[in-house]
Each structure stands twice: as C-alpha cells, then as structure tokens.
Number of protein chains: 2
Amino acid sequence: MKRIADSTVRRLSIYLRFLEDFEKRGIATISSDELAARGGTTSAQVRKDLSFFGSFGKRGLGYSVAELSARLRQILGLEREWQVVIIGAGKIGAALAQYHGFAQRGFRIVAVYDSDPAKVGRSVDGLVIRSLDSLPEEAKRHPPDIAVLAVPATAAQEVADMVVKSGIRAILNFAPQQLQVPETVAVKAVNMAMELEGLSFALTNG
Amino acid sequence: MKRIADSTVRRLSIYLRFLEDFEKRGIATISSDELAARGGTTSAQVRKDLSFFGSFGKRGLGYSVAELSARLRQILGLEREWQVVIIGAGKIGAALAQYHGFAQRGFRIVAVYDSDPAKVGRSVDGLVIRSLDSLPEEAKRHPPDIAVLAVPATAAQEVADMVVKSGIRAILNFAPQQLQVPETVAVKAVNMAMELEGLSFALTNG
DNA sequence: TTGGACTTGTGAATTTCTTCACAAGTTATC
DNA sequence: GATAACTTGTGAAGAAATTCACAAGTCCAA
Ligand SMILES: NC(=O)c1ccc[n+]([C@@H]2O[C@H](COP(=O)([O-])OP(=O)(O)OC[C@H]3O[C@@H](n4cnc5c(N)ncnc54)[C@H](O)[C@@H]3O)[C@@H](O)[C@H]2O)c1
Ligand SMILES: NC(=O)c1ccc[n+]([C@@H]2O[C@H](COP(=O)([O-])OP(=O)(O)OC[C@H]3O[C@@H](n4cnc5c(N)ncnc54)[C@H](O)[C@@H]3O)[C@@H](O)[C@H]2O)c1
C-alpha cells in the first residue's frame, strides 16, 4: 500500500469524531462538504484522503454515516482493543490513568508502572502501581501494544529502551525529550511546551 | 515576512531544547549536522529552517550555542513572560497547574478557572480556583496572553467563545473538539486520543 | 602562504501535499 | 424519460516542503 501521510491519518481521526457525533444524532448521510466545514479543511481534501483507501461514497448523495465511520474505524485499526500500559505514576500519569475517554475508544489501560518504591503498591483508579522492573517479565506473558511514557525527561530514553526491549512496538511520549528507537517502533510525542512555544511564536509574529 | 510553516516552528523548538542542553554542558559551538542528528532531521533542513530568519552560523565552524539559542528564544518570542490562565480545574487542568516546567520556559500560570461552585475557592498549587464568570472582568484588568482549555468537550466551544470575547488571542485546547474561532486567534490542540489513533494506525498498517 | 578539512547559506531539483476542475453517477421533479 | 440539482472520485495542476549540491568562508597545521 502507498505510504499514507501523517496529516492524512490525523484528518481521518477528525472525520471519525464528527461521524460518531452525526451517528448519535441519527443523521444518515453526509457530504464531503459538510465533513470539511467542521474539520476546517476542504471537500477535495476529504475526498482525496478517503480515496487512498477506496471509494465509500455515492455520487449525488454523499457518504453513509454508519458505513463511513465503520470503514474509518477499520482503517485506523480501532475495531480491536489495544492494551496500554502507563509508565510513570506522577501527576500526568495519574491523570491519564483516571481518564476514561481512552477506554471508550478501545485503548484499555491494563497496567501502571513506576520506579519509585514509595508509589509501587498504591492504586490509581483501581489499578495497582507495579514496579518497572517487572515490566519485561510481565510483558512476556501479556504483551501490551502501546506504552505511554509519563516519566521525567531525564529518564525517558532509558525507559524507552526498556519498553522496546520488552517487545512493545508503539510509544506515546509525554516527556519533552526526543526518543531514539528502532524504526520498527512507532513513536508519537505530546509536547505541550512545544505547543505553547508555537503560540508564543504566533503571538509574537502574528 | 514570508509565512513560516508550522513544521519549521516546531523544529525550532526542538533545536532550542538541544541548544539549552548543550549550553548547560558548556559546549560552545555546534554544527547543523549535530543538531540534526539529535532532532531526527537533516543538516540541510536545520540550515534552511534557520535561513528564514537570518544567518547565524560561521562557515567552517558551526553555530555559537549561546548566540543561536538566544536568537531562537527571540524568534519564538520567549524573551518575555507570557500570562497563562487554565480553564477547567479537573484532572488534567490540575496536573497542568501543578507542573512547573511551563514557568521555567516563561509561561506563568496566573489563574485557574472553573464553573463548578464546589471547586471555586479551593486551591491548586497555591492558586485559588476562580469562577469562570469572573474571567471577562478580570481579563480587562490583567489581560492574559494564553488560555489553556481543560474542560469537557461539550463545554469547549462555549468556553472558547468567552475566552475570545475576553480578548485573549491564543488558546491551547485539550478537549477533543475542533474549535471555531476568528482567524485572529491562534489555536493549538493537544489531542491525545488522536495520537493514540495514529499509533493504532501505524500498528495496523505497519 | 598554501593546502586540506570543515561547515554554512542558498538557488535549484525533487518530492510531497493540496487544490482544481470535470466526467460520471444519483436523486427528485415534472 | 427528460431535466435540473447534487455529489463523488480522480487525473492534472499548483503550491509547499524537503533535499541536493556546491560556491564561499573559516580554521589549522606545516
Ligand atoms: N504534569 C504536566 O502537566 C506535564 C505537562 C507537560 C509535560 N509533562 C511531562 O510529563 C512527564 C511527567 O510529568 P509529571 O508532572 O507527571 O511528573 P511527576 O514527577 O509528577 O511524575 C513522574 C513519575 O515518574 C516516576 N519515575 C521517575 N523515574 C522513573 C523511571 N526511571 N521509571 C519509571 N518511573 C519513573 C516518578 O516516580 C514519578 O511518579 C515529565 O517528563 C514532564 O516534563 C508533564
Ligand atoms: N484527563 C486526561 O488524561 C485527559 C486526556 C485527554 C483528554 N482530556 C480532555 O481534557 C478535558 C478535561 O478532562 P479531565 O479529565 O480533566 O476532566 P474533569 O472532568 O476531571 O475536569 C473537567 C473540569 O472542567 C470543569 N468544567 C466543566 N464545564 C465547565 C465550563 N463550562 N467552564 C469551566 N469549567 C468547566 C469541571 O468542573 C471540571 O473541573 C476533557 O475535554 C478531556 O476529554 C483529558
């Protein structure tokens, strides 16, 4: 399959969110124009994005909301449940563990790890915090799909190395630290400081 | 000035992070090649990014770490302090309010707002939670530069409207909701669900 | 002062992403 | 069944971002 751009995948996510909203409101069909208006893009972009994966619409009519959202879920790999572990049970890690929005979308948080002995054994949202040392062993028995890194920047690379060694192939990194991983491992970063700096730039040069 | 791409600004942020690291370690100069290696890009990209703003390097030598980081801070608008308000004192809002990494980079959290009467009056990290109703009035006296939205998705648009009416011209949005704002207002979104979906896509089609 | 080893800055080439524009298909109405 | 009003899917055009490639500048050692 032709390589799909990151920007395309992000937009698919956005489209899916609207489609689910429409689904709830009982709307049966939607045009690329309507989808574009809400997603801040153009109808041509919507159609092009979808065209990479097939043709799902009806000319003259638009797209069936139910069908298109099912196809998008399929494309994005959201038909299955993903096993997620959170590493670092600090402020942000705990907030993530308590957030139920992820489970709703099929990302099930199965474990929380920390290296601090004072935290190990305590619970967050019904999950007992485990020692990070036990990750490699536990990952053998129940391989997680995604690791969320919520540790200090200074520890992020070594934790990432351990995660990779444990066989996990996707990382969501909250630490403001560029990670070096084999290219078989997918990494996404959530870098709030960088976003704020983007706003600072916009305010300064706007 | 020629319009600068978002992707360029993001990379400048990344470069700055490395430069500060080098500065701490007492390294005086750095080449575009070294900067690129750590940022996961190419030396040509680094030089092109910088060339939009001037020429800061010395041929044969590289860049002065101190000088380049000062220039980047200037370009990104990080020489001044930005006044930030957090709206929504829930799990994520509280984690952000307690995070001191932002202040270090010049983003000072000056107030936390919430609409829940049960939360108003309580404190997070030394800041008293205020009623959102008081925002427009208080913004008149001490205009904040940036509003961080950490409210439920259903409330995000109306809160954004209020923020815009209060004269705030930059928003960092944590709610999984596309915001409609005038184009004079800069918006960045931190959408963790979308990042997870990106990983799901990568794992499925990788 | 010459030569060799580096490194920047930048037009030009290339690649990637977005927008245009229109043939082709659908539905509704008379 | 003819016509009008829509809307998709997609090559082709256009715009934007990235990479190439090299002249020009710097440093150092002999
Ligand atoms: N809190 C925020 O709002 C926020 C915002 C932006 C970025 N971040 C980033 O997220 C990360 C976590 O931030 P936080 O505020 O939650 O910090 P925190 O100090 O509250 O939590 C960090 C946790 O990681 C654990 N830890 C440390 N080293 C570890 C290791 N080697 N292995 C496993 N666990 C380890 C600590 O015991 C602690 O529980 C940091 O990199 C921070 O820069 C946080
Ligand atoms: N917690 C997470 O890890 C996480 C992760 C991803 C996204 N998010 C998003 O961040 C947002 C906040 O999540 P949370 O987990 O902190 O939720 P939360 O329920 O813990 O907090 C939401 C807060 O917003 C306040 N609020 C509600 N309506 C308001 C309004 N109109 N004006 C002002 N304040 C209002 C509530 O009183 C509450 O204090 C949500 O949109 C959520 O989807 C959270």
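By convention in this document, chain letters (A, B, ...) are assigned in the order of the sequence lines, proteins followed by strands, and residues within each chain are numbered from 1. In what follows, every heavy atom counts, from backbone to side chain, and hydrogens, waters and symmetry copies are set aside.
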| note | In this structure, CZ of A:Arg71 is separated from CZ of A:Phe53 (nearest 0.5 Å) by 11.0 Å
| task | Would you name the heavy atoms of B:Ile92 and B:Phe174 that are closest together and state the gap between them? | result | CG1-CD2, 4.4 Å
| message | Between B:Arg73 and B:Glu20, does the salt bridge (Lys or Arg N to Asp or Glu O under 4.0 Å) criterion hold? Intermediate values first, please. | response | CA-CA 10 Å; B:Arg73 268 190 290 272; B:Glu20 288 175 343; 2.9 Å; yes
| Does the A:Asn173 side chain pair with the main chain of A:Gln177, one donor and one acceptor, at a distance under 3.5 Å? | yes
| request: Would you mind classifying the nucleic acid contact of B:Thr8 as base, sugar-phosphate or nothing, using non-hydrogen atoms under 4.0 angstrom? | output: nothing
| field | Closest approach of A:His100 to A:Asp125 (non-hydrogen atoms, all atoms of both residues) | value | NE2-OD2, 2.9 Å
| Of the residues in residues 34-48 of chain B, which ones touch DNA chain C at a heavy-atom distance under 4.0 Å? | B:Arg47, B:Lys48
| field | DNA chain D: 5'-most and 3'-most nucleotides touching chain A, 4.0 angstrom heavy-atom criterion | value | D:dC6 to D:dA12
For nucleotides 26-29 of chain C, list the nitrogen or oxygen atoms of the protein found under 3.5 Å from its nitrogen or oxygen atoms, one pair per line.
unit_1	atom_1	unit_2	atom_2	d
C:dT26	O4'	A:Arg59	O	2.8

| query | Can you tell me if A:Ser69 uses its side chain to pair, donor with acceptor, with the backbone of A:Val65 under 3.5 Å? | reply | yes
| task | Could you state the atom-to-atom distance from CZ of B:Phe52 to C1' of C:dG11 in whole Å? | result | 13 Å
| task | Give a yes or no on whether the backbone of A:Gln180 and the side-chain of A:Gln157 come within a donor-acceptor separation of less than 3.5 Å. | result | yes
| query | Can you tell me if B:Glu67 uses its side chain to pair, donor with acceptor, with the backbone of B:Ser64 under 3.5 Å? | reply | no
| task | Compare every heavy atom of A:Ser134 with every heavy atom of A:Ser131, then report the nearest pair and how far apart it is. | result | O-OG, 2.6 Å
Please output the side-chain donor-acceptor pairs of residues 142-156 of chain B that fall under 3.5 Å, not counting sequence neighbours, one pair per line with the distance.
unit_1	atom_1	unit_2	atom_2	d
B:Asp145	OD1	B:Arg80	NH2	3.4
B:Asp145	OD2	B:Arg80	NH2	3.1
B:Asp145	OD2	B:Gln83	N	2.7

| field | Secondary structure of DNA chain C in dot-bracket form (Watson-Crick or G-U wobble, distances below 3.5 Å, | marking inter-strand pairs) | value | ||||||||||||||||||||||||||||||
| task | Return the set of residues passing ring pair (Phe, Tyr, Trp, His ring centres under 6.0 Å) with A:Tyr99 (not counting sequence neighbours), or none when no residue passes. | result | A:Phe102
| Counting distance only, does the side-chain N/O of A:Ser200 pair as donor-acceptor with the main-chain N or O of B:Gly77 below 3.5 Å? | yes
| said: Tell me which one of B:Lys188, B:Arg10, B:Arg11, B:Arg17 satisfies salt bridge (charged side-chain N to carboxylate O under 4.0 Å, His left out) with A:Glu197. | reply: B:Arg17
